[in-house]
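Counting convention: from 1, in listed order, for ligands and their atoms alike.
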Amino acid sequence: MNEHSAPFAGPASGKLFCFGLGYTCSRLAARLTDKDWQVGGTTRSGRMHDGWDAGDTIEMHVFSGKEPINGVAEACAGVTHIIASIPPDEDGDPALRFHLSVLRALPNLTWVGYLSTPAVYGDRAGAFVHEDDAPNPGSARGTRRLAAERAWVSAFEDTDVSVQIFRLSGIYGPGRSAIDQLRSGKARIIDKPGQVFNRIHVDDIGTILTASMQRPNHGRIYNVADDEACPSGDVIRYAAALLGMDPPEPIPFDSAELSPMARSFYSECKRLDTARFKSELGVELAYPTYREGLRSLLDDA
Ligand SMILES: NC(=O)c1ccc[n+]([C@@H]2O[C@H](COP(=O)([O-])OP(=O)(O)OC[C@H]3O[C@@H](n4cnc5c(N)ncnc54)[C@H](OP(=O)(O)O)[C@@H]3O)[C@@H](O)[C@H]2O)c1
């Protein structure tokens with residue numbers, strides 16, 4: 001689970017702390033600890049997820065979102081970079097709620113990355129959406145995200161710390177893809193005519209984050225997505241063909257059993273403009289579409 005092949009464009013060393021060392025941050029942590037980086041972070045259990053071995057290299061802390069991290073000043077001592085990866089709740093961003101003054105006082109901190117979502121744009125009826133387009137969330141989820149983005153930027157407004165916002169499209173990669181869904185019998189094709197969205201390979205996210213560490217730009221927003229928005233059925237069918245399996249029958253959106261989160265996701269449709277991270281951060285995607293991404297997952301399996 002810790003192998004990775006995308007190019008590394010970031011600083012040679014540093015100390016990263018991740019609020020929410022989940023899928024994306026764990027994958028990046030593995031790349032950084034291969035370099036001269038120290039990494040620490042939180043989960044609600046204080047343990048890394050199944051399949052990840054923190055070993056001695058990653059310092060784990062418990063953060064439930066309901067009370068501060070025990071010994072947060074020591075946990076964050078020497079931290080140069082922070083990634084905020086915990087979704088906001090009804091009361092805002094959990095990490096900021098409890099740790100704002102400690103974080104603002106960190107003497108070595110230079111860069112913060114906030115992992116957000118395109119839900120802040122709301123529905124765009126399939127049109128391309130650019131980072132300079134005014135956000136217009138159509139869901140409580142999107143509204144909370146927008147507030148959290150703004151809270152992180154304004155928390156460091158009067159400091160030398162640079163806060164960047166990354167609006168991530170559908171994340172996939174090792175252990176979390178259409179290939180895994182098909183193999184476990186959980187793949188579904190939700191049929192909603194005209195509905196498309198972008199995806200992004202988890203290692204391309206890591207590359208974009210580390211490239212941004214090299215080129216801080218306070219308040220800058222980046223869409224983080226591949227080059228081809230498409231219906232979810234295209235991805236499942238492509239993965240099924242790679243596996244030599246029959247794809248599942250499509251389920252009409254209106255009759256599909258979906259979580260509130262999934263229903264809210266499918267009720268919006270947009271294509272993300274991805275020119276900015278390429279031109280400003282110099283990143284070329286290792287997996288420009290789901291096709292390269294899925295093929296590499298199959299090759300590495
Ligand atoms: N998945 C996607 O396709 C997608 C798309 C766009 C944006 N995003 C957002 O981008 C970020 C990174 O995504 P990801 O898939 O890598 O995330 P992930 O694997 O779900 O990791 C999220 C981390 O936040 C922690 N967390 C969640 N709720 C918490 C709470 N209330 N209090 C304290 N900790 C909490 C989790 O703790 P545990 O480890 O204990 O669960 C986990 O470590 C997330 O904010 C996600 O919502 C995801």
Near Ile171, which atoms of ligand 1 are under 4.0 Å from a heavy atom of that residue?
->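 Once the distances to Ile171 are compared, the set is 1 (N), 2 (C), 3 (O), 4 (C), 13 (O), 15 (O), 48 (C).
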
Which atoms from ligand 1 have a heavy atom of Leu21 less than 4.0 Å away?
->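 Taking each heavy atom of Leu21 in turn, ligand 1 has 43 (O) under 4.0 Å.
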
Exercise: identify the closest heavy-atom pair between Pro137 and Gly142 |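 Scanning both residues completely, I find the closest heavy atoms to be CB-C, 3.4 Å.
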
Nearest heavy atoms of Arg145 and Val120, plus distance in Å =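 Smallest interatomic distance, heavy atoms only, reads CB-CG1, 3.7 Å.
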
Spacing of CD belonging to Glu228 relative to CG belonging to Asn198, to within rounding of 0.5 Å =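 Interatomic distance, Glu228 CD to Asn198 CG, rounded to 0.5 Å: 9.0 Å.
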
Given Phe63, Tyr23, Tyr172, Phe166, which has its nearest heavy atom closest to atom 33 (C) of ligand 1?
->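 Checking each option, the heavy atom nearest atom 33 (C) of ligand 1 is found in Phe63.
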
Nearest-option assignment for atom 22 (C) of ligand 1, heavy atoms, candidates Ser64, Ser85, Ser26 |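 Result: the heavy atom closest to atom 22 (C) of ligand 1 is in Ser85.
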
Sub-3.5 Å N/O-N/O distance, [X] and ligand 1:
| X | result |
| --- | --- |
| Thr43 | no |
| Asp89 | no |
| Thr117 | no |

Could you tell me whether [X] approaches ligand 1 through its side chain, its backbone, both or neither, with non-hydrogen atoms closer than 4.0 Å?
| X | result |
| --- | --- |
| Arg199 | neither |
| Arg141 | neither |
| Val202 | neither |
| Pro118 | neither |
| Ser116 | backbone |

Side chains of His218 and Glu157: is there a donor and an acceptor less than 3.5 Å apart?
->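 Yes, side-chain donor-acceptor contact under 3.5 Å.
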
What about the rings of Tyr114 and Phe166, do their centers lie closer together than 6.0 Å?
->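 Not under 6.0 Å, so no.
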
Angle class for the Phe17/Phe19 ring planes (parallel below 30°, perpendicular above 60°, tilted otherwise)?
->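 Taking Phe19 first and then Phe17, their aromatic rings stand perpendicular (interplane angle over 60°).
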
Relative to the ring of His201, is the ring of Tyr287 parallel (under 30°), tilted (30 to 60°) or perpendicular (over 60°)?
->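 It falls in the parallel class, under 30°.
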
Cys230 and its side-chain contact (heavy atoms from CB on, under 4.5 Å) partner, picked from Phe197, Tyr238, Tyr290 |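 Per the side-chain contact (heavy atoms from CB on, under 4.5 Å) rule, the option paired with Cys230 is Tyr290, out of Phe197, Tyr238, Tyr290.
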
For ligand 1, is Arg97 a contact, meaning one of its heavy atoms is under 4.0 Å away?
->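 It does not, in that no heavy atom of Arg97 comes within the 4.0 Å cut-off of ligand 1.
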
